[in-house]
Amino acid sequence: MKHILKAFFLLTVAVFLAGCSKASVALQDGTFTGTGTGRNGDITVSITVKGGAVTETHIVSESETPEIGGVAEEALLAQFLEAQKTADVDVVTGATLTSDGVLDALDEALEKASGKKKIDAEASAPQDTECDIVIIGSGGAGLTAATEAASKGAIVIVLEKMGIVGGNTNSSTGGINAAYTPEQKALGITDSTDVFYEDTMKGGHNLNDPALVRTLVDNSAATVAWLQSDLVGADLSDVGMFGGATNKRIHRPQGGAAIGAHLVPLLQKAALKQGAEIRLNSRVTDILSENGVATGVRVSTKAGDYTVRAKAVIVATGGFGANPEMITRYVPSLKDFGTTNHAGATGDAFAMVEKFNAALTQMEQIQTHPTVVCGTGVMITEAVRGNGAILVNRDGKRFVNEMETRDVVSGAILSQTGKTAFLVFDQSVRASLKAIEGYAKQGFLTEAESIKELAEKLSMPKEELEKTIAAYNAAAKSGSDREFGRNKASMERILSTAPFYAIECEPAVHHTMGGLKINTKAEVQNTSEKSIPALYAAGEVTGGVHGANRLGGNAVADICIFGKIAADSALSYIGK
């Protein structure tokens, strides 16, 4: 929807730039700047116009990852200079959020140069307003809640502090866990909500809130159906294997495409179609309280501050994985770890709920994802391992069951020399998963025509890596991994089809599993274990669902299931 909304302006800019001589192009000479929101924050660019054409472009400021964002920025600016219009610039695969930020910044700069926007004009001050339900955050939980509430007739305003919707859900590559679904049945997969429950409790070391887990698993199949209904229109027909799962139950788009890039635009479009209003660059600074009841929020924008009065408030602000101070406060051993989180995941909501005496739970439970490309913050989806990849150390040896829970695999990698490991797979694994093509285009893959050549490129013993691959292939053929106990369902491919590939990975902060204490109705609880009137929460801002370790695929389930429940509970509270 973001680019749909942008289309009108692009069409206007095209009139000035396409098919015109320099003398007739309606751009003022001079230097103009524009700002857009990338993955890690604002991106500001400048353009220099001479003779009515753009002659220079520069990145003024940004905070993107150099290995990905920096490369994407250079490619985009080069394309733009040649094309002279953003409509002909291709988004860089694997750096979509950075690309969107650069294109938005270029659009704003062009708008200023065309005279369509007065450079120094002050935006009109925002006005106080009211609605039925105000939602803080536009990630998966917020968009799900907005779609559900608006579809039932509520007047909904969603407030997002960043310049784009989606939050961490944008970067989600796996899928959504669900049990006893028609999709599983069609593929001959036997599963049940009870097995799903046991896997989740075991994965969380039984620190999970049993009632929340039961709510998660019992609503999972219905939520997959809801997402695939005409209301949203998702494709979740592909079912795969992830770590900690007894059965294949992670639902994703056909071919194993990334779930976040698929789901966020659909949920945004659905929410808007149902009548919800989404306000970007709108930071909520406080939740209003009257006699202990949540009654709205205070909002800060570049144009000024204002108040949104509401009958119910849903907190969907995400976790605090991008707040190093909070991470270190709760888990000192994670000091200086990288993060997979977007820049907005800073835990703003926790200070805002103090006045309600809101209860927090399990804040020290912070998960690292084991396979993050070294130094980039880019997560390699667990589906790569689920589809057959193995992990080896610098000696060319396996050292862990690759499909163990994330805490176990992360710990095993950190115990290896260099505290990194290599994901190794072949062409058959690459062909089975669309997500790998994105990693290839970002330059993350080391490629070789033989195992021996791959070992040489990775500076590891050739004979040892060949021996490791041979032993794994034998285990896969027999269906029994006696050395590490890997599940047969995740060893359906032998690694024998050239080319062969490797990606060096390290653990990084991924998910904060603690947060606001909620009940099964997504009502925020106070320290006296009573529900706070009109205050609801869903997604990573809450705690208790995942315990000490979140299973891959349970985050998208969490945000969608409890996002929908929060909306339904708020609707019931306000009498809708």
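If you're wondering where the values come from, they're calculated on a predicted model, not measured in any experiment. Just the heavy atoms: all of them, side chains too, but no hydrogens, waters or symmetry mates, feed the values below.
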So, [X] side chain and [Y] main chain: donor-acceptor pair closer than 3.5 Å or not?
X	Y	value
D426	V429	yes
N323	E325	yes
N208	G544	no
T512	G514	no
T371	I380	yes
S220	A178	no
Q427	P499	no
H342	G344	yes
D558	V545	no
T368	A508	no

Out of curiosity, [X] [atom1] to [Y] [atom2], how far, rounded to the nearest 0.5 Å?
X	Y	atom1	atom2	result
E447	F500	CD	CZ	11.0 Å
L433	T381	CG	OG1	6.5 Å
R550	E540	CZ	CD	7.5 Å

Self-check item: Under-4.0 Å salt bridge between E437 and K441
Solution: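 Salt bridge: no.
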Closest contact, heavy atoms only, [X] versus [Y]:
X	Y	answer
S99	L76	CA-CD1, 3.5 Å
I314	A145	CD1-CB, 4.1 Å
C560	I176	CB-CD1, 4.5 Å

Are the side chains of [X] and [Y] in touch, meaning some heavy atoms are under 4.5 Å apart?
X	Y	answer
Q367	D407	no
K564	D568	yes
V409	E402	no
F196	N177	yes
K419	E506	no
D209	V213	no
Q274	L231	yes
Y197	L216	no

Exercise. Could you tell me which residues satisfy salt bridge (Lys or Arg N to Asp or Glu O under 4.0 Å) with E492, sequence neighbours excluded, listed by chain and number?
Key: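 If we apply the salt bridge (Lys or Arg N to Asp or Glu O under 4.0 Å) test to E492, skipping adjacent residues, the hits are K248.
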Quiz item: After noting the C-alpha distance and the side-chain angles of S432 and R493, does the key distance pass the side chain to side chain contact (heavy atoms under 4.5 Å, CB included) rule?
Solution: CA-CA 10 Å; S432 74; R493 296 177 180 86; 3.2 Å; yes
Practice problem: Evaluate the ring planes of F320 and F350, with Trp represented by its six-membered ring, and classify them as parallel (under 30°), tilted (30 to 60°) or perpendicular (over 60°). | Solution: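 Correct class here is perpendicular.
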Quiz item: What's the verdict on side chain to side chain contact (heavy atoms under 4.5 Å, CB included) for I157 and R279, showing C-alpha distance, side-chain angles and the deciding distance?
Solution: CA-CA 7 Å; I157 295 177; R279 301 184 179 186; 4.1 Å; yes
Exercise. For salt bridge (charged side-chain N to carboxylate O under 4.0 Å, His left out), just list the numbers for E160 and R283, CA-CA rounded to whole Å, side-chain angles, deciding distance to a tenth of an Å, and then say yes or no.
Key: CA-CA 6 Å; E160 170 58 56; R283 179 188 293 272; over 6 Å; no
